[in-house]
Structures are given as structure tokens and as C-alpha cells.
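These notes concern the structure reproduced below.
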Number of protein chains: 2
Amino acid sequence: MRVSTRFSDSVHILAFIEIYQDQRLSSELIANSIETSPVVVRRLMSTLRESGLIATKKGTAEPKLSKSPHEITLLDVYLATERAKQLFTLDTNTNPDCIVGGNIQKVLGSYYEDAKMAALRKFNNVSLQDIIETILVEQKAKEHNVQ
Amino acid sequence: MRVSTRFSDSVHILAFIEIYQDQRLSSELIANSIETSPVVVRRLMSTLRESGLIATKKGTAEPKLSKSPHEITLLDVYLATERAKQLFTLDTNTNPDCIVGGNIQKVLGSYYEDAKMAALRKFNNVSLQDIIETILVEQKAKEHNVQ
DNA sequence: ATTACTTGTAAAATCAAAAGTTACAGATAT
DNA sequence: ATATCTGTAACTTTTGATTTTACAAGTAAT
């Protein structure tokens, strides 16, 4: 299948909303930065709204973060966009009558869970503020190199 | 797209080969445990062979592990089957002329890398032997409960 | 209150990575 | 010789995701 870029794009949207909070933030403008369609942006924003990360008003192009960027972590965004998606996928259709097929799902699944948790813990230690600040530093570095 | 079960199925194959090493291990027999087709098994085994995890001989149903199950980790299998696949996927098509679109890939990518590494470190601490032993314990527990 | 612009969704179309299938050349072993 | 396998290539199917199309309904400014 196609690879999901929802998580990445959702972080993008949140950073964009914060950085350009003084401008008219239409889904079209945001879509232009992500290089996708406005509908995709609105759909992702629906999810972010349902998860309490942003507030929007129908008819007006004024989305706002519901919390300070210090209080939003990558984990919040991950959970909002990917829900309970398995990070490492088990083959859930193995032969239950075989010693291996009948037990591997539980066994591997538990190690998968450990690994996933290690990754998500990292995400819980990175805030949207961290992302934004790093983006701004990278941008300045880029501008500096040009001169 | 479909979700890849190559990693899971490859671990399955390795555990199966070790546990049933005294039997005739045709791709058909293994496929029966995974509930897939023999061709899929042979394809996965090709990859495992290229990565030096198993040795096979064309025409004979006698695959063997190339190393002791103590020396094969989940990370070895992961790297063999998923190669450099991104665990968390970046949207690689964002607007370079926007401050956010032009920098988010590098910034997010680095946090993604940290999280991926945390997960892979966990995998590097789990051996095929651990998997096999846990499968056998689970099996005994299952049989015990039946009585 | 009309006009232009928006959001929020639903529904259908398209895409692409992966599994599944078919076919077959070539190796092995009895 | 015969039966059974492996190893691959080529093609088809599946399916989760994006993309597109369409439209009802809210907002704001003239």
C-alpha cells in the first residue's frame, strides 16, 4: 500500500499554525506548504480537532492550537493520527495447530510492544516547541549559508 | 498498501527451522505453519540466505541456520527483511520555499531516527533463542491449561 | 441579503507496496 | 527415470492510503 504520511503532515500543520498564527490560515495555504490538496489538510485537521490539539471554526480560516506548543508532544500527534496502529506488524493468520504458528503471535507481539514503547517514549520527550525552534534554527542556518 | 508481514514471517521461519531441525523442512511444510504459499516462504528464505542467516541447498528440503540461535537477534532479522525501510515515514514532498516545508523533513527525520534507533536497540537485545524458548513455554502453558 | 470564500464530509477514483499465483528451469535422491 | 524440491521471474490480486470531485452549510464584508 501507500505509505502513510499523516503523522508527518499533522506535525507540519501544527508547526505551520503556530509559526503563521498571525496570518489567514486557510486549508489551501497550508496545503500549499505540504504540497497536497486542501481536502487532505482539512481531513487531518478534523482528526487533530477530535483529539483536542487544535480548535477550528467552520467557515473561517482561523485554526488555533488548543494548548501551548510546549505542552504538545510528538506522541500526542502520533496517537492522534495513527491511533492503535501496529508499528511492527504481526502476521495474524498463522496455523494454530502448529507449535510455532500457535504461539508466535503472542510471543513476538510482546517484543514488538516493547520496541514500540521505546520509540513512543522518545516521542513523548519531544514537544512541538522543540520542532518549531529547530525548524527556525535550520532556516537561519540555511539563510546564513546563502550569503 | 498491504501491511508487510515479512519480518514476522521470517522470524517464524527461523524458529521453525530450529525447532523442527530433525524433520524434512520443505517450503510447503513451513508454508503450512505460516498459512501462506510455498513460494512466499522460498522468497523470504532467499532473503535470509542472502543475509547469511540460513544455508539452503537447491533441490533438498534441508535448510539450516548459519549461526546459533543465541547469535541471531531480532535486529538481524529486521535488517535482513526490512532493510533501510523508514519506520516512521516522512512526507518527502513538501514545499521547499516555505520555512516549514523547507526544513521539516530534516528536523522531523532526526527525531524519527532517534525513535527508530530506540526500537531497534530493543530488537538487538532479543535472540532467536529467546523467541524459541518463550514459544515452547507458551506451548507448555497451553497444554497445561487443557488438562 | 447577496457575494465570495471557507470549512467539514462523504463518496469515488487512483496509487503503490506487498502478498498470492502460475510457471518452469535446474538440482537432488532414491 | 521418476518424483520431489528449490529458486526465480512474471503476472494478478489485495488493500490501506492518498487524491479528487462534489456539495451542504457557516462567515464576513460590502
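None of these values were measured; they are calculated from a predicted model. Every chain is numbered from 1, with letters handed out A, B, ... down the list of sequences.
Side-chain proximity of A/Thr5 to the nucleotides C/dA29, C/dA27, D/dT18 is greatest for D/dT18. Considering only the side chain of B/Val39, D/dA9 comes nearest among C/dA27, D/dA9, D/dT27. Nearest to the side chain of B/Ser26, among C/dT22, D/dT6, C/dG8, sits D/dT6. Looking at the side chain of B/Ser46, the nearest of the listed nucleotides C/dA18, C/dA27, D/dT8 is D/dT8. Comparing D/dG26, C/dA19, C/dG26 by their nearest atom to the side chain of B/Ser4 picks out C/dA19. Taking every side-chain heavy atom of B/Lys58 into account, C/dA25 is the closest of C/dT7, C/dA25, D/dA28. Side-chain atoms of B/Lys57 lie closest to C/dT28 of the nucleotides D/dT8, C/dG20, C/dT28. For B/Val40, the listed nucleotide lying nearest its side chain is C/dT21; candidates were C/dG8, C/dT21, D/dG7. In the set D/dA9, C/dG8, D/dA17, the nucleotide with an atom closest to the side chain of A/Arg42 is C/dG8. Checking C/dG8, D/dT6, C/dG20 against the side-chain heavy atoms of B/Ala61 singles out D/dT6 as nearest.
Separating the CG atom of A/Leu25 from the C1' atom of C/dG8 is a distance of 17 Å, rounded to the nearest angstrom. In this structure, NZ of B/Lys85 is placed 10 Å from C1' of C/dA17, rounded to the nearest angstrom. Atom CD1 of A/Ile13 and atom P of D/dT18 are 11 Å apart (whole Å). Taking atom CD of residue A/Glu62 and atom P of nucleotide C/dT7, one finds them 10 Å apart after rounding to whole Å.
For the pair A/Lys116 and A/Glu82, the salt-bridge criterion is not met [side-chain N within less than 4.0 Å of a carboxylate O].
Listed pair B/Ser27 / D/dT6 meets the phosphate criterion, a side-chain N or O lying under 4.0 Å from OP1 or OP2. Neither OP1 nor OP2 of C/dA19 sits under 4.0 Å from any side-chain N or O of B/Thr36. Here B/Arg43 does not reach the OP1 or OP2 of C/dG20: none of its side-chain N or O atoms lies under 4.0 Å away.
Among the protein residues, B/Ser37 comes within range of the nucleic acid bases, having at least one heavy atom under 4.0 Å from a base atom. Using a 4.0 Å heavy-atom cutoff across all strands shown, B/Arg6 reaches sugar-phosphate atoms only and no base atom.
Put simply, the side chain of B/Ser10 reaches to within 4.5 Å of the side chain of B/Leu48, judged on heavy atoms.
Not one N or O on the side chain of B/Asp9 forms a donor-acceptor pair closer than 3.5 Å with the backbone of B/Arg6.
For A/Glu28, the CD atom counts as loosely surrounded, since its 6.0 Å shell holds 12 or fewer non-hydrogen atoms of other residues, nucleotides or ligands.
The aromatic ring centres of A/Phe123 and B/Phe88 sit less than 6.0 Å apart.
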